[in-house]
Asks: 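Here you go, one structure.
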Amino acid sequence: MKYRKMIALGAVASILSSMLSGCGQAEQKRIIRIGHNQSTNHPTHIGLTAFKDYINEQLGDQYVVEVYPSELLGSQTEMVQLTQTGAIDFCVASNAILETFSKNYEIFNLPYLFASTEAYHHVMDDEALTDAIFSSTLQAGFEAVTWLDAGTRNFYTVGKPIESPEDLKGLKIRVQQSPTNIEMMRLLGGSATPMGFGEVYTALQSNIIDGAENNEMALTDNGHGDVCKYYSYDMHQMVPDIVIGNVAFMEGLSEEEKAIFEEGFDILSETQRTEWTTAVAAAKERAANEQNVQFIYPDQAPFVEACAPLHESVLAKNPAIKATYDAIQEYNAQYPSVAE
Ligand code: GCU
């Protein structure tokens with residue numbers, strides 16, 4: 001943590017000095033600030049760097065894009081708030097936390113919503129399904145401009161492997177700050193401990209929590225595999241990351257600029273998705289070989305069964321998402337689980 005803080009302080013110092021020294025030549029240029037909570041090795045940072053290079057190349061006479069990784073601009077929730085007010089222009093937010101800004105996002109937080117990765121990708125790429133959700137926060141000052149893959153979320157623990165929901169009983173498991181996730185943990189029998197991503201490592205290390213849930217990258221990139229030695233593929237969620245932009249900034253762009261930004265968002269999502277598969281495979285190998293993490297493949301059926309009531313209760317409380325839910329079932333039928 002000390003090391004990470006030193007890096008963060010170093011980065012802030014260099015941001016400040018570049019802001020000061022840049023005043024001369026970049027005086028006329030509008031700085032576009034983008035924040036995210038991953039490391040610079042992460043596919044999301046690589047995608048955002050490709051976006052930055054493209055915009056700087058196409059519109060470099062007017063704009064300078066700057067990407068701030070590793071929660072340098074705050075936690076995800078704080079970054080969403082900064083994007084709302086226009087203090088920064090874009091950030092990457094997990095769909096999980098966006099449900100507290102708009103109930104429309106609840107749909108993609110449901111456990112076992114997608115039958116396969118193919119179904120998940122097709123749904124998220126279907127603008128007829130996502131457009132209304134992505135623009136549902138215009139009034140709140142931000143809109144979604146594209147989505148990014150964040151893989152499949154699974155449980156990982158310090159002391160004992162999770163083979164069935166029974167094993168979660170009595171365990172404090174960190175979840176993202178979303179009511180759907182808290183309810184999911186309740187149904188699975190564990191005790192939900194919501195907190196921001198950046199706090200998880202210390203919480204694991206100091207036994208404040210017994211485990212967490214995330215994709216494989218969290219083991220290596222965030223060091224969680226140094227503490228948690230059991231990673232169980234219950235595959236409870238595929239929660240996308242959403243790139244959001246400040247509405248006033250987006251609306252202030254000319255038609256020509258808008259088209260270039262749209263192309264930039266496509267470059268971002270394509271680069272991130274290509275990098276994702278390789279990054280997850282590499283993370284898994286490193287976790288197994290260097291961190292001695294044991295990968296467990298439990299029977300998923302009891303997990304699916306325990307979570308099933310959540311679909312009904314969320315749809316009953318939020319009937320507006322039912323049409324999207326039904327459309328997702330059609331994709332699920334078309335791209336079923338390979339295990340079926
Ligand atoms: C993933 C996801 C992040 C999210 C994190 C979390 O890493 O990509 O957007 O913040 O999980 O669990 O909080």
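Counting starts at 1 for both ligands and their atoms, in listed order.
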Asks: Using a 4.0 Å heavy-atom cut-off, say whether Glu71 meets ligand 1 through its side chain, its backbone, both or neither.
Replies: neither
Asks: Tell me which protein heavy atom sits closest to atom 13 (O) of ligand 1, plus the residue, atom name and distance to 0.1 Å.
Replies: Arg174 NH2, 2.9 Å
Asks: What is the closest protein heavy atom to atom 8 (O) of ligand 1, and at what distance does it sit?
Replies: Asp241 OD2, 2.6 Å
Asks: Any luck finding a side-chain donor-acceptor pair between Gln177 and Thr100 under 3.5 Å?
Replies: no
Asks: Check whether any heavy atom of His36 sits under 4.0 Å from an atom of ligand 1.
Replies: no
Asks: Just let me know how Gln76 lines up against ligand 1, side chain, backbone, both or neither, with a heavy-atom cut-off below 4.0 Å.
Replies: side chain
Asks: So, does Ser116 use its side chain to make a donor-acceptor pair with the main chain of Tyr335 at under 3.5 Å?
Replies: yes
Asks: With distance as the sole test, does Asp167 use its side chain to make a donor-acceptor pair with the main-chain N or O of Lys160 at under 3.5 Å?
Replies: no
Asks: Which residue and atom name correspond to the protein heavy atom nearest atom 1 (C) of ligand 1, and how close is it?
Replies: Asn214 OD1, 3.4 Å
Asks: Apply side-chain contact (heavy atoms from CB on, under 4.5 Å) to Ala96 and list each qualifying residue two or more places apart in sequence or on a separate chain.
Replies: Ser94, Asn109, Gln176, Ser178, Asn181, Val239
Asks: When you measure from atom 10 (O) of ligand 1 to every protein heavy atom, which one gives the shortest distance, and what is it?
Replies: Asn37 ND2, 2.9 Å
Asks: Among side-chain atoms of Asn154 and Tyr231, is any donor-acceptor pair under 3.5 angstrom?
Replies: yes
Asks: For the side chain of Asn292 and the backbone of Lys229, is there at least one donor-acceptor N/O pair under 3.5 Å apart?
Replies: no
Asks: Look at the side chain of Ser232 and the backbone N and O of Ile162, then say whether any donor-acceptor pair between them is shorter than 3.5 Å.
Replies: yes
Asks: Taking non-hydrogen atoms only, is Val200 closer than 4.0 angstrom to ligand 1 via side chain, backbone, both or neither?
Replies: neither
Asks: Among all the protein's non-hydrogen atoms, which is closest to atom 7 (O) of ligand 1, and how far away is it?
Replies: Gln38 NE2, 3.1 Å
Asks: Can you check whether Glu213 has an N/O within less than 3.5 Å of an N/O in ligand 1?
Replies: no
